[in-house]
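This report refers to the structure that appears directly beneath it.
First the proteins, then the strands, lettered A, B, ... as listed; each starts at 1.
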Amino acid sequence: MATHTNDHYHPPGLQHQFENMKQQEESVSIGMWMFLAQEIMFFGGMFTVYLLYRWKFPMAFAAGSNHLDAFLGGLNTLVLIVSSLTMALTVYYAQKGNRMMQVVMIVLTMIFGTVFLGVKAVEYTEKYNKGLIPFANWNHKTPKGEERKVATSLIETKVSAAENKDAEHTAEHEYKSSTGVFEWKDLSLPQMAEKEGFLTEWEKVGYYSDGKLNEQKFESKVRIFFWIYFCMTGLHGLHMIVGLGLMLWLLWKAWLGSYTAEYYSPVEMAGLYWHFVDIVWIFLFPLLYLLGRHFMHGGH
Amino acid sequence: MSDNHEETHEHMGIPKYIGIFLALVFGTILTYFTALTDLDTMLFAGANTLLALIIAFTKMTLVILFFMHVWWNGTLIKLTAVASFFWLAIMFAFVMQDYLTRGFGVFNK
Amino acid sequence: MDATVNNKIGTAVVDRTVEKTRTHYLNNGHSLSSWLLTKDHKRIAILYLITVSAFFLLGGVYAATIRLELLTPASDLLESGTYNKVFTQHGIIMVFFFLIPVVPAILGNFLLPLMIGAKDLALPKINLLSWYFYMTGGGLTLFALIQGGVDTGWTFYTPYSTTFSNGYVMLAGLGIFVNGFSSILTGLNFIVTVHTMRCPGMTWFRLPLFVWAHYATSLVMVLGTPVIAITILLMALERVAHIGIFDPSIGGDPILFQHLFWFYSHPAVYIMILPGMGVISEIIANYSRKKIFGYEFVAFSSLAIAVFGFLVWGHHMFVSGQSMYAGLVFSFLTMVVSVPSAIKMFNWTATMYKGSVSYDTPMLYAIGFMGLFLIGGLTGLFLGAMGLNVHLTDTYFIVAHFHYVMVGGTVLAYLGGLHMWWSKITGKTYSEFWGKISALLVFVGFNLTFFPQFILGYMGMPRRYASYSEELQVLNVFSTAGASVLGIGLVLPLIYLTYSLFFGEKAKSNPSMLPGLEWRTQSPPPTLNFDETPVVTWEAYEFGEENGLDIEKARREATV
């Protein structure tokens, strides 16, 4: 029985190339998942770079990781999870056709998304102040004569604590640079690894020159860590911003009552995108902030 | 003849969404505190990393299955989700197989 | 089915006297915005046809320049730095702006919905967006070329591209990055369309093999292209920030770049060839008037190529410094990935056996494809053997190999398909005489150009060098002579096909009585493709009345 393509009841939002809403929903859903599949491969490239360099230089990565604020990172993770909940509830209320609650949930999602970006901004500023931005000397340039002591997160190391090392290898160091260049002074972790004997082959070559631990060389590896940190969280943040833009559009349409129990797939698709961005962060948080932290807390 | 949408296929109720949410929060807190304890000496080398990854995978699975509704989707979507990660695994595995096998001393010194 | 020749389309009631004012997709709106803002997949295909052809011509100009320079052993026409830019730009334009989109974005876009009985692709606006990404990426890359060009080779290897090159690497990279989205969106669209838009009765195993091939290609597009995107991004960031992820002095690894680059770029060659193979399946079936032998095997072989194609990229890096063990794995898998392609070749040959073969232009291209792809594919296997690769890598053997598969393969398949479906796309008939002449010129010219390059490569002539040693000149002269013939053969279709647009005979809908769904609508098709949604009750490639083909109607139309 051939179906006719001319006028019968067209549910709102049905596009002309589709026969019915079910076909449209299915198509849009598969399309969105294909898009997410390619996003996974996109981030995957950066995860590969992370994987390789973490495998090569674990101590440099542990060192850098310990200088990230895991509390803020964890807080951000919780914020994103809450926003994921509110996003899921947005879809729920759209399915129910509840316009008011949809709008409330979208607004909440946007609020939490913005909080996430705000916390990220705080973190990035902290890096700027501590001279940990690895490119283009984009760090705080201390004007001549200014006495500036920046408190870094204290790192208790078994080595420095147990042996009461001299000042230059304890946790705190001040960042004072007129050029804004990236700086790393803390060599406690590779020293500990050297003592305990778990440096990788790459590290045995990469941190040393003339048989001695070379600060410059170690610094270049930590710089790689921070570059990966900024690139991955930056890329993630960009996706968050796009997500917020998507939410704004969704808010406007939801406010107008465009989404009903009959037609809510745009909300669902936006939700898929949002959850994907959340999932990326679920991996970024432990991989960037938490691995190697155990060295610093009475471990090994 | 026209399609009637009576079945509002809502997937699960609000309490269940909150339940999944709490599981995710629990996972986050768990991963944070286990990262601070040294499992590498207590168990085996790499234990911290393994645990963090397991927790992350579990959280991701919960989000995919329940927040993204894959639990209720057809085989195609389930396959797509799995396949994407499989492709990622190909990229990781085949890149790392190069680095892991360098300098073995069998073919090259 | 009406007994009279009557096409009821929209509100226009047509009879024979006003046949020429029948509304179809080409005359359905003449304004610029009806073309530039179209959602009709057929119009988008035409937009691609024009722009992709333009890029092909530009790439061809670069090719001509290369061949002119290589007439003489010394680097006299161009100095080395300029020569580097010329071959780089030839590569970038041909790979990213011609080979990747040519069959999927032109023939795929046009024919896929028709072949499955749909009104349009699933996501028409995304389709249009795809073309705009292509144009933007192309524009940015052209801008980079005008500004001064890139000289890194189309492969952008580090550390040259990140540290030392003075060319417009980032701008060209940006162009390719943006263009990548064109690929991704097209692939995404095809996958969704094949899953959800098939007409009633069109089951998976009744799909034409063209559709299977494009489905497999789309999988590669969606999963592979984002990796080149992130690779270009990383290269650009490295160029700006000099962190050293690809710099050995800091502990970075230039081979990491190669791994990430080839993770996409090898599957990319399958993006280039798979749709072409789909076209060949259609041509051979149609011009042998026989169902493709081993339909399921050919269908699954497309999927197998797509999947296995992701596992072999290291065969581009045998001598780069990757470990021997990795080289072994990649080499073995390279042998494996050739099997599905071989299956296709055997099945095409078996299809022609005892078929009713007619040697029209598309069939000439298809037979040419089979011979040339055979050579190209086999030489690929030679190169996949690590030992031989050490001798042949970075020589003209490689150049010859990939031109055999890309030009002898993809370009021939594209031309064959363009000719076969020309009447459907434009409603006009081209001159068969000139078609055959061109096909012959292309075949002869191509072999004369590239076969000597196998020998040159074996004798040690390196690729990407503007100068070479004296004794290699004879073969180079042959090669350049062949290039002239090939050039003529490739330009001729431009002339006679364009001529046919204005002066060609009007084409009937299905003059050869072919069974595909695309042949069961008018030439050119109406905007919504079919007057009534088809209902399929027959298997693929069934030549005969059981497949619902109205032979009487076709005979009537042929004699009128």
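Both the backbone and the side chain of I243(C) have a heavy atom closer than 4.5 Å to some heavy atom of chain A. Interface remark: F57(A) contributes side-chain atoms only to the contact with chain C (heavy atom separation under 4.5 Å). K56(A) touches chain C through its side chain: at least one heavy atom from C-beta onward sits under 4.5 Å away, while N, CA, C and O do not. Only the side chain of I191(C) comes within contact range of chain A, with heavy atoms under 4.5 Å apart. Looking at D253(C), the atoms closer than 4.5 Å to chain A (heavy atoms on both sides) sit in the backbone and in the side chain alike. Only the side chain of L235(A) comes within contact range of chain C, with at least one heavy atom under 4.5 Å from a heavy atom of that chain. Interface remark: I224(A) contributes backbone and side-chain atoms alike to the contact with chain C (heavy atom separation under 4.5 Å). The part of L233(C) that comes within reach of chain A is its side chain, from C-beta onward, which places non-hydrogen atoms under 4.5 angstrom from that chain. Interface remark: H259(C) contributes no atoms to any contact with chain A (heavy atom separation under 4.5 Å). Contacts of W202(A) with chain C are absent, with no heavy-atom separation under 4.5 Å from either backbone or side chain.
Among I245(C), D120(C), L237(C), the residue with the largest count of heavy-atom pairs under 4.5 Å with chain A is I245(C). Ranked by non-hydrogen atom pairs under 4.5 Å with chain C, the options F42(A), F43(A), F226(A), F35(A) are led by F42(A). Highest contact tally toward chain A, considering only A241(C), A122(C), G252(C), A118(C), is held by A122(C) [criterion: heavy-atom pairs under 4.5 Å]. Counting heavy-atom pairs under 4.5 Å between each of G31(A), G44(A), S29(A) and chain C puts G31(A) at the top. Interface remark: of the candidates Q24(A), E26(A), K221(A), M41(A), M41(A) forms the most heavy-atom pairs closer than 4.5 Å to chain C.
Aromatic pair Y215(C)/W204(C): centroids less than 6.0 angstrom apart. Taking the six-membered ring where the residue is Trp, the centroids of F246(C) and F257(C) are separated by under 6.0 Å. A centroid separation of less than 6.0 Å is found between the aromatic rings of F230(A) and Y124(A).
Atom OG of residue S323(C) and atom CZ of residue F330(C) lie 9.0 Å apart, to the nearest 0.5 angstrom.
A search for side-chain hydrogen bond (donor to acceptor under 3.5 Å, both in side chains) contacts involving H275(A) returns S84(A), not counting sequence neighbours.
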TODO: Dump the intermediate steps for salt bridge (charged side-chain N to carboxylate O under 4.0 Å, His left out) on E126(A) and K130(A), then the final yes or no.
DONE: CA-CA 6 Å; E126(A) 190 204 3; K130(A) 289 194 209 165; 2.7 Å; yes
Donor-acceptor pairs under 3.5 angstrom involving side-chain atoms of residues 220-229 of chain C: please list them, not counting sequence neighbours.
from, atom 1, to, atom 2, distance (Å)
T225(C), OG1, M221(C), O, 2.6

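In this structure, H242(C) and F135(A) have side chains that are not in contact, with every pair of non-hydrogen atoms separated by 4.5 Å or more. Contact annotation: the side chain of R198(C) never approaches that of R206(C) to less than 4.5 Å [non-hydrogen atoms, C-beta and beyond].
Between Y157(C) and F261(C), the ring-plane angle classifies as perpendicular under the 30° and 60° cut-offs.
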